[in-house]
Undergrad: 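Before we start, here is the structure in question, set down as structure tokens.
Everything quoted here is computed from the prediction, not taken from an experiment.
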Amino acid sequence: MSILDRFSVDGQVAIVTGAGRGLGAATAVALAEAGADVLISARTAEQLDVVAEQVRATGRRCVVVPADLSDLDAVAGLAQTAYDELGRLDTVVNNVGGTFPREFMKTSARFLNESFSFNVTTAHALTRAAVPLMLADDDGRQKSVVTISSMMGRTADRGFVAYGTAKAALAHWTRMAAQDLSPRIRVNGIYVGSILTSALEFVAGQPELMGQLEGKTPLGRVGEPEDIAAGVLYLSSRAGQYVTGKLIEIDGGIQQPTLDLGFPDVSP
């Protein structure tokens, strides 16, 4: 087997959540280009259909499941659908998540709980449902779970008490799940930096903010969704077969937050 062969996922089946655009869409297409059939899910059917066309253009199969992935039953149900429609299950990419920045005193307990559920509990629900189906194929292949965390899960800044806490929890969930599911299933994650997706559209349209963001990134640019997709492929394939319980930092080298959102000091 050549080194390039190790990056092949030919004949495998993957689930990618939050796949209507951005990181999820790029990841689904990358896995298809490397040989996998994929189930993609997100809230908006029209966006999923565009991604599905790109996947099918590679010659791979694609199952589209529009769903509200904050619904834990819906997200867990993706595992059985992938297995029933595509015949097996090898990889789960827990990409769905996100929480808007909010000042501390405007972050209610309910908002914090919702952030935790959307970023962490969804990953647990889907992975838990997927494990028996991953192990059902006794062909000796390793299976893989990849979580998408954030650099805000390892650094700190104002406005991110909900999002950053949830992403930190997701990172540690990744480490813990890796222990529980080894050796048959590897569990790894990615600390994502500033990536040019729809979440940064506002920043991209303002040169001053974009300059601040790029200037604080050692590599001098924001990332592309394919930068993250390449990391997911590595962790999903035989190239990453000796890696589990790890969080890879794909963030341009940043060691601190790169964008000051201007939240004020708390006051009486």
Side-chain angles (χ1 to χ4, degrees), residues 12-29 31-32 36-56 60-100 110-136 143-150 162-163 166-167 169-170 173-174 177 180-181 185 187 189-190 192 197-199 228-229 232 236:
Q12 297 186 29
V13 169
I15 295 172
V16 183
T17 60
R21 57 185 179 178
L23 304 185
T27 295
V29 173
L31 290 169
D37 297 324
V38 296
L39 179 148
I40 58 175
S41 186
R43 188 186 299 270
T44 306
E46 292 79 6
Q47 293 178 342
L48 290 172
D49 289 340
V50 172
V51 179
E53 287 184 14
Q54 295 175 284
V55 168
R56 291 167 182 148
R60 307 310 308 183
R61 294 179 293 169
C62 185
V63 174
V64 174
V65 183
D68 176 2
L69 297 181
S70 65
D71 181 332
L72 298 181
D73 290 334
V75 76
L78 299 178
Q80 191 66 56
T81 300
Y83 194 84
D84 291 345
E85 296 290 329
L86 298 172
R88 57 184 297 125
L89 183 55
D90 302 276
T91 294
V92 170
V93 182
N94 288 306
N95 173 65
V96 69
T99 305
F100 285 111
R110 178 179 178 179
F111 187 80
L112 185 64
N113 284 336
E114 289 173 349
S115 178
F116 186 91
S117 180
F118 193 43
N119 288 276
V120 184
T121 312
T122 53
H124 182 74
L126 175 53
T127 304
R128 185 170 178 268
V131 165
L133 303 173
M134 289 173 144
L135 298 179
K143 310 295 183 171
S144 179
V145 175
V146 182
T147 62
I148 303 300
S149 185
S150 166
Y163 178 74
K167 287 302 189 182
L170 180 61
W173 178 92
T174 299
D180 285 334
L181 301 181
I185 301 174
V187 187
I190 297 175
V192 174
T197 65
S198 57
I228 306 305
V232 174
S236 302

Undergrad: How long is the span from the CZ atom in Arg56 to the CG atom in Asp49, to the nearest 0.5 Å?
TA: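 Nearest 0.5 Å value for the CZ-CG distance: 7.5 Å.
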Undergrad: Nearest 0.5 Å, please: how far is CZ in Arg60 from CG in Leu86?
TA: 10.0 Å
Undergrad: Go through the structure and list residues passing side chain to side chain contact (heavy atoms under 4.5 Å, CB included) with Ser150, not counting sequence neighbours.
TA: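 Per chain and number, Ser150 pairs via side chain to side chain contact (heavy atoms under 4.5 Å, CB included) with Met152, Tyr163, Lys167.
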Undergrad: Under a 4.5 Å cut-off applied to non-hydrogen side-chain atoms, are Leu72 and Thr122 in contact?
TA: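 Touching, per the 4.5 Å side-chain cut-off.
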Undergrad: Starting at OG1 of Thr147, measure out to NE2 of His124 and round the result to the nearest 0.5 Å.
TA: 13.5 Å
Undergrad: What heavy-atom pair brings Ala162 and Leu112 nearest, and what distance separates the two atoms?
TA: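 Closest approach of Ala162 to Leu112: CA-CD1, 3.6 Å.
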Undergrad: Does any part of the side chain of Val13, heavy atoms only, come nearer than 4.5 Å to the side chain of Leu39, both counted from C-beta?
TA: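 Side chain of Leu39 against side chain of Val13, heavy atoms only: no contact under 4.5 Å found.
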Undergrad: Compare every heavy atom of Ala45 with every heavy atom of Pro66, then report the nearest pair and how far apart it is.
TA: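 Of all heavy-atom pairs spanning Pro66 and Ala45, the closest is CG-CB, 3.8 Å.
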Undergrad: Within a strict 4.5 Å, meaning less than it, do heavy atoms of the Leu23 and Val232 side chains meet?
TA: no
Undergrad: Mind listing the closest non-hydrogen atom pair of Leu69 and Gly18 along with its distance?
TA: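 Scanning both residues, the minimum pair turns out to be CD1-N, 3.8 Å.
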Undergrad: Heavy-atom distance under 4.5 Å between the side chains of Val93 and Leu31, does that happen here?
TA: yes
Undergrad: Could you report the tightest heavy-atom contact between Val92 and Ala130, atom names first, then the distance?
TA: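 Closest heavy-atom pair between Val92 and Ala130: CG2-CB, 3.7 Å.
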Undergrad: Do the side chain of Asp90 and the main chain of Lys143 share a donor and acceptor less than 3.5 angstrom apart?
TA: no
Undergrad: Are more than 12 heavy atoms, taken from residues, nucleotides or ligands other than Arg88, located less than 6.0 Å from that residue's CZ atom?
TA: yes
Undergrad: Please report the interatomic distance CH2(Trp173) to CG(Asp180), rounded to the nearest 0.5 Å.
TA: 9.5 Å
Undergrad: Are Cys62 and Ile40 close enough, and set up right, to give a side-chain contact (heavy atoms from CB on, under 4.5 Å), and what steps lead you there?
TA: CA-CA 7 Å; Cys62 185; Ile40 58 175; 3.8 Å; yes
Undergrad: Is any side-chain heavy atom of Thr17 closer than 4.5 Å to a side-chain heavy atom of Leu78?
TA: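 The answer is yes; the side chains approach within 4.5 Å.
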Undergrad: When rounded to the nearest 0.5 angstrom, what distance separates CG in Leu48 from CZ in Arg21?
TA: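 The CZ atom of Arg21 is 11.0 Å from CG of Leu48, to the nearest 0.5 Å.
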Undergrad: Could you tell me which non-hydrogen atom of Ala166 sits nearest to which non-hydrogen atom of Ser115, and how far apart they are?
TA: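 Between these two residues, the closest heavy atoms are CB-OG, 3.5 Å.
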Undergrad: Go through it in stages, so that I can follow the logic: the residues are Asn94 and Thr127, the test is side chain to side chain donor-acceptor pair (under 3.5 Å), and I'd like the CA-CA distance, side-chain angles, deciding distance and then a yes or no.
TA: CA-CA 8 Å; Asn94 288 306; Thr127 304; 3.1 Å; yes
Undergrad: State, yes or no, whether a side-chain contact exists between Ile185 and Leu135 at a heavy-atom distance under 4.5 Å.
TA: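 Yes. Closest side-chain heavy atoms under 4.5 Å.
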Undergrad: Closest approach of Thr174 and Gly189, non-hydrogen atoms and distance?
TA: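 Closest pair (atom of Thr174, atom of Gly189, distance): CG2-N, 3.7 Å.
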Undergrad: Tell me which pairs pass side-chain hydrogen bond (donor to acceptor under 3.5 Å, both in side chains) where either residue lies in residues 72-83, with sequence neighbours left out.
TA: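 Listed by first then second residue: Gln80-Asp84.
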Undergrad: With a 4.5 Å limit on heavy-atom distance, are the side chains of Met134 and Leu181 in contact?
TA: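 Not touching, per the 4.5 Å side-chain cut-off.
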Undergrad: Contact between Ile15 and Ser41 at the side-chain level, heavy atoms closer than 4.5 Å - yes or no?
TA: no
